[in-house]
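By convention in this document, chain letters (A, B, ...) are assigned in the order of the sequence lines, proteins followed by strands, and residues within each chain are numbered from 1.
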Number of protein chains: 2
Amino acid sequence: MESSTLTGEGSLEITTRSLHDQVANRVRDLIIEAVLEPGSRIDEAALIQSLGVSRTPFREALRTLAAEGLVVIKPSKGVIVRKLTPEDVQSMLEVLGELERLAGRLACERASDDEIAEMVALHERMLEHYAARDRMPYYKLNQEFHSRLAALSGNETLQEMQGNLQARLKRIRYIGNERPEAWAGAVADHEDMVKSLRAHDGGALGEAMWTHLQRTWDRVKDRV
Amino acid sequence: MESSTLTGEGSLEITTRSLHDQVANRVRDLIIEAVLEPGSRIDEAALIQSLGVSRTPFREALRTLAAEGLVVIKPSKGVIVRKLTPEDVQSMLEVLGELERLAGRLACERASDDEIAEMVALHERMLEHYAARDRMPYYKLNQEFHSRLAALSGNETLQEMQGNLQARLKRIRYIGNERPEAWAGAVADHEDMVKSLRAHDGGALGEAMWTHLQRTWDRVKDRV
DNA sequence: CATTTGTATTTTGTATACATGATGAAAATA
DNA sequence: TATTTTCATCATGTATACAAAATACAAATG
């Protein structure tokens with residue numbers, strides 16, 4: 001899965017990743033992990049040096065990240081890590097809410113029992129991390145939970161757009177579990193979601209997904 | 001509006017577009033107008049020559065277009081214009097349907113009477129073109145109608161994603177008006193939409209938008 | 001002393017040259 | 001003759017060099 005991709009025709013095709021893609025992925029991670037701080041200017045020379053590549057693939061990578069909405073390129077001025085305004089976050093969560101509602105509905109229609117069982121297992125691992133208050137592993141599984149649910153929708157466009165928004169909002173979701181009550185609330189939301197999923201109730205799951213993101217906004221809006 | 005952009009802080013900022021952006025826009029147009037055929041390989045040397053630029057900004061532009069989903073870059077092999085499978089189209093219309101449903105709801109909540117009047121006027125111009133069976137101008141106004149409605153939602157993320165999907169599907173919407181009955185159906189859908197908009201009925205408008213895209217799929221599914 | 005103007009320096013943008021990998025045709029082998 | 005191998009050619013990927021723009025700073029002017 002790391003270096004292979006399934007084409008539309010169903011043939012397995014090995015794609016040796018270009019340097020460009022590797023750079024894009026690494027810089028994306030730096031942004032998501034907030035090593036590169038939102039609002040800060042990206043020092044091309046410094047990053048190039050630390051990554052050990054030349055300017056060409058690096059700048060191409062920045063173009064990709066700009067199209068994804070992670071950085072903003074100001075012509076002749078430089079590129080800065082995109083800093084989300086509260087309005088940005090709200091608008092993204094609003095859209096993500098609709099997407100995940102759709103994902104929830106479709107997932108219930110199309111997912112197999114095995115796939116649902118895997119989701120439930122994932123959820124239970126999350127509960128263990130919550131019980132232990134291990135925030136980082138919980139957070140990572142949470143990302144995976146939402147990604148896999150989008151994948152279960154069987155709608156590739158939905159998956160792509162959900163992935164894009166989730167990437168932009170990664171740090172927001174992390175913040176969303178910062179306060180104990182907020183985290184507890186998120187866990188409760190997930191309980192609802194899993195219950196609906198087990199019952200194959202697409203409508204209920206969709207609503208639960210949507211509500212979860214609405215509440216996420218409530219939980220983070222005063223700290224973005 | 002062509003060369004200026006309103007920043008988040010509210011200051012008007014002139015952005016002289018980089019060569020990269022110009023190239024990206026031109027190639028995007030070539031793809032959308034189908035001068036570059038879906039599935040065909042992009043001849044870098046030839047296009048560079050005809051555009052009169054060097055490889056660097058051109059290749060950066062391709063990275064942008066790849067991130068937007070208009071082309072597919074196969075490492076060491078070349079880049080091809082993305083050819084949409086029926087499944088691609090269906091999944092995109094399904095997602096676009098949700099986005100436009102949301103846009104419709106929000107637009108009714110937030111749009112001023114003046115803005116709604118402009119939409120109605122736009123619709124009436126569309127009707128004139130329909131009466132004259134001028135397909136191309138109708139088609140262009142149709143694009144604008146959907147874009148502006150997304151803009152009226154006041155949700156920038158929604159607007160961005162709607163724009164992206166609309167760009168990918170431009171030719172599909174064109175096909176959607178190819179057969180006379182299909183075109184008549186689309187016009188009827190728009191009548192519903194405008195009626196709901198005038199009544200400030202967000203729920204009804206949202207449903208009309210969604211239904212319109214469902215029907216668009218019905219109209220094109222046997223010819224993609 | 002504030003403001004402006006000019007200049008040096010740095011940073012960004014673009015073109016080109018070089019390296020690497022894919023493609024296809026001709027020759028060699030079975 | 002079919003198949004493989006080799007080599008030439010072409011396309012793609014990357015690095016570097018050059019150009020243009022922005023920035024910072026100093027000197028000059030009011």
Side-chain angles (χ1 to χ4, degrees), chain A residues 2-5 7 9 11-28 30-31 36-37 39-67 70-83, chain B residues 3-5 7 9 11-28 30-31 36-37 39-67 70-82:
Chain A
E2 188 62 15
S3 60
S4 67
T5 149
T7 66
E9 288 72 41
S11 65
L12 191 62
E13 199 173 282
I14 306 299
T15 71
T16 43
R17 259 220 274 281
S18 67
L19 193 45
H20 158 100
D21 285 318
Q22 296 175 38
V23 171
N25 287 334
R26 292 196 53 183
V27 176
R28 199 185 344 250
L30 292 178
I31 293 173
L36 298 174
E37 285 178 31
S40 71
R41 193 179 134 282
I42 290 184
D43 187 340
E44 187 176 291
L47 252 184
I48 279 173
Q49 179 123 19
S50 93
L51 294 176
V53 294
S54 73
R55 292 181 67 203
T56 309
F58 180 79
R59 301 192 90 242
E60 286 181 4
L62 289 184
R63 291 294 180 189
T64 298
L65 298 177
L70 290 175
V71 303
V72 178
I73 297 177
K74 302 194 168 181
S76 300
K77 290 291 185 67
V79 18
I80 61 177
V81 179
R82 180 165 177 190
K83 182 171 190 170
Chain B
S3 61
S4 68
T5 148
T7 65
E9 288 72 40
S11 65
L12 191 61
E13 200 172 283
I14 307 298
T15 71
T16 42
R17 258 217 276 282
S18 68
L19 193 45
H20 158 100
D21 284 319
Q22 296 175 40
V23 171
N25 287 333
R26 293 196 54 183
V27 176
R28 193 181 293 116
L30 292 177
I31 292 173
L36 298 174
E37 285 178 30
S40 71
R41 193 178 135 281
I42 289 184
D43 187 339
E44 187 176 291
L47 251 184
I48 279 173
Q49 179 124 17
S50 93
L51 294 175
V53 295
S54 73
R55 292 182 68 202
T56 309
F58 180 79
R59 302 191 90 244
E60 286 181 5
L62 289 184
R63 290 295 180 189
T64 297
L65 298 177
L70 290 175
V71 303
V72 178
I73 297 177
K74 303 195 169 181
S76 298
K77 291 290 185 65
V79 21
I80 61 177
V81 179
R82 180 165 177 190

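A search for side-chain contact (heavy atoms from CB on, under 4.5 Å) contacts involving B:Thr64 returns A:Arg63, A:Ala67, B:His20, B:Arg28, B:Glu68, not counting sequence neighbours. Judged as a side-chain contact (heavy atoms from CB on, under 4.5 Å), and not counting sequence neighbours, the contacts of A:Leu30 are A:Val35, A:Leu36, A:Leu47. Partners of B:Arg55 under the salt bridge (charged side-chain N to carboxylate O under 4.0 Å, His left out) rule, at least two apart in sequence or in another chain, are B:Glu44.
Closest to the A:Ser54 side chain, of the nucleotides C:dA15, D:dT16, C:dA17, is D:dT16. Taking every side-chain heavy atom of B:Val53 into account, C:dA15 is the closest of C:dT12, C:dA15, D:dT14.
The side-chain heavy atoms of A:Arg26 and A:Leu51, taken from C-beta on, include a pair separated by under 4.5 Å.
Atoms CD1 and CD, from B:Ile31 and B:Glu37 in turn, are 12.5 Å apart once rounded to the nearest 0.5 Å. To the nearest 0.5 angstrom, B:Ser18 atom OG is 8.0 Å from B:Glu60 atom CD. Atom CG of A:Asp21 and atom CD1 of B:Ile73 lie 7.5 Å apart (nearest 0.5 Å). Taken from CD1 in A:Ile42 to CZ in A:Phe58, the straight-line distance is 5.5 Å, to the nearest 0.5 Å.
If you measure from atom CZ of A:Arg63 to atom P of C:dT12, you get 12 Å, rounded to the nearest angstrom. The distance between atom CG of B:Leu51 and atom P of C:dT14, rounded to the nearest whole Å, is 14 Å. Between the C1' atom of D:dT23 and the NZ atom of A:Lys74 lies a distance of 15 Å, rounded to the nearest Å. Rounded to whole Å, the distance from CG on B:Leu19 to C1' on C:dT14 is 8 Å. Rounded to an integer number of Å, the gap from CD1 of A:Ile80 to P of C:dT11 is 17 Å. For the pair A:Arg59 CZ and C:dT12 P, the interatomic distance rounds to 8 Å; values are reported in whole Å. Distance CD1 (B:Ile73) to C1' (C:dG21): 17 Å, rounded to an integer number of Å. The nearest whole Å value for the distance from the NE2 atom in B:His20 to the P atom in C:dG13 is 10 Å.
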Subject >> Base-pairing string, 5' to 3', of DNA chain D - Watson-Crick or wobble, under 3.5 Å, | interstrand >> reply: ||||||||||||||||||||||||||||||

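The base of D:dA15 sits with one of its N or O atoms less than 3.5 Å from a complementary donor or acceptor on the side chain of A:Thr56.
Considering only side-chain N and O atoms, A:Arg41 lies under 4.0 angstrom from the phosphate OP1 or OP2 of C:dT12.
In this structure, A:Glu44 and B:Lys77 both approach DNA chain C, and ranking their closest nucleotides by distance from the 5' end singles out A:Glu44. Comparing A:Arg55 and B:Gly78 along DNA chain D, the residue whose closest nucleotide (by nearest heavy atom) sits nearer the 5' end is B:Gly78.
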Dump the pairs, protein N or O against N or O of nucleotides 6-9 of chain D, anything under 3.5 Å, distances to one decimal.
none

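B:Arg82 CZ: more than 12 foreign heavy atoms inside a 6.0 Å radius.
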